[in-house]
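For reference, the structure discussed in these notes is given below.
The figures that follow rest on heavy atoms only: side chains count, while hydrogens, waters and symmetry mates do not.
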Amino acid sequence: MNRSEVLTKAEQLINGPRAHDYGDAKENFSRIAMMWAAILDQDIEPDQVALCMTALKICRLSKTLDHADSWLDCAGYIALGGEIATDK
């Protein structure tokens, strides 16, 4: 995959199957943030969820650099986080 393919496929995923499966990203990340906040006993914001989910994928990539899905997910989480963070 070249860089354009990564970005195009990530965009297709977050605006297609993933959006259909999980709903609006900001709403979904807000629900995740509430759960994490209860577990960690501290405030968590939806854009922080995007950063943490990206970090999870980076950790997985450190073991399997050729796992294309993780690269796509990283790009998708960063795009969604950027949208959420700049829409405040």
Side-chain angles (χ1 to χ4, degrees):
M1 265 189 313
N2 64 41
R3 65 188 87 176
S4 293
E5 291 171 322
V6 170
L7 292 173
T8 298
K9 287 181 182 184
E11 186 272 334
Q12 290 169 345
L13 283 171
I14 63 174
N15 289 319
R18 302 276 164 69
H20 179 264
D21 291 344
Y22 306 124
D24 179 74
K26 187 172 184 177
E27 290 175 16
N28 182 258
F29 288 7
S30 294
R31 284 191 299 274
I32 294 168
M34 288 189 314
M35 295 292 290
W36 289 359
I39 293 166
L40 299 171
D41 195 27
Q42 67 181 48
D43 291 339
I44 307 290
E45 297 295 325
D47 49 356
Q48 292 174 307
V49 170
L51 289 175
C52 291
M53 296 303 288
T54 304
L56 170 85
K57 291 298 181 168
I58 291 169
C59 288
R60 289 181 177 175
L61 280 167
S62 72
K63 285 298 209 181
T64 54
L65 279 170
D66 61 343
H67 193 255
D69 191 58
S70 290
W71 289 105
L72 297 174
D73 287 346
C74 280
Y77 283 128
I78 287 296
L80 293 170
E83 179 178 88
I84 293 166
T86 59
D87 191 39
K88 288 185 175 181

For M1 against V6, the heavy-atom pair lying closest together: CE-CG2, 3.9 Å
Shortest non-hydrogen contact between A79 and I14, atoms and distance: CB-CD1, 4.1 Å
Point-to-point distance, once rounded to the nearest 0.5 Å, from CG of L61 to CG of L56: 9.5 Å
R60 and D69: CA distance, side-chain angles, deciding distance, salt bridge (charged side-chain N to carboxylate O under 4.0 Å, His left out) verdict: CA-CA 11 Å; R60 289 181 177 175; D69 191 58; over 6 Å; no
Pairwise side-chain contact, D73 with R18, heavy-atom cut-off 4.5 Å (strictly under): yes
Full working for side chain to side chain contact (heavy atoms under 4.5 Å, CB included) between N28 and R31: CA-CA 5 Å; N28 182 258; R31 284 191 299 274; 3.4 Å; yes
Exceeds 12 heavy-atom contacts within 6.0 angstrom, atom CG of D24: yes
Heavy-atom pair with the smallest gap, counting every atom of A10 and G76: CB-N, 4.0 Å
Value rounded to 0.5 Å, distance of CG in L7 from CG in L72: 9.5 Å
N15 to A19 - nearest heavy-atom pair and separation: C-CB, 4.0 Å
Pair W71-L65, side chain to side chain contact (heavy atoms under 4.5 Å, CB included): steps then yes or no: CA-CA 9 Å; W71 289 105; L65 279 170; 3.9 Å; yes
Value rounded to 0.5 Å, distance of CH2 in W36 from CD in Q48: 9.5 Å
Rounded distance (nearest 0.5 Å) linking atom NE2 of H67 with atom NZ of K57: 7.0 Å
Gap between atom CG of D87 and atom CD1 of I84 - 0.5 Å precision: 9.0 Å
Same apolar cluster: I32 and Y77, side chain cutoff 4.5 Å: yes
Where A33 and P46 come nearest, the two heavy atoms and their spacing: CB-N, 4.2 Å
Path from M53 to L40 over hydrophobic side-chain contacts below 4.5 Å: yes
Reported OG-to-CD1 distance for the pair S30 and I44, which is rounded to 0.5 angstrom: 12.0 Å
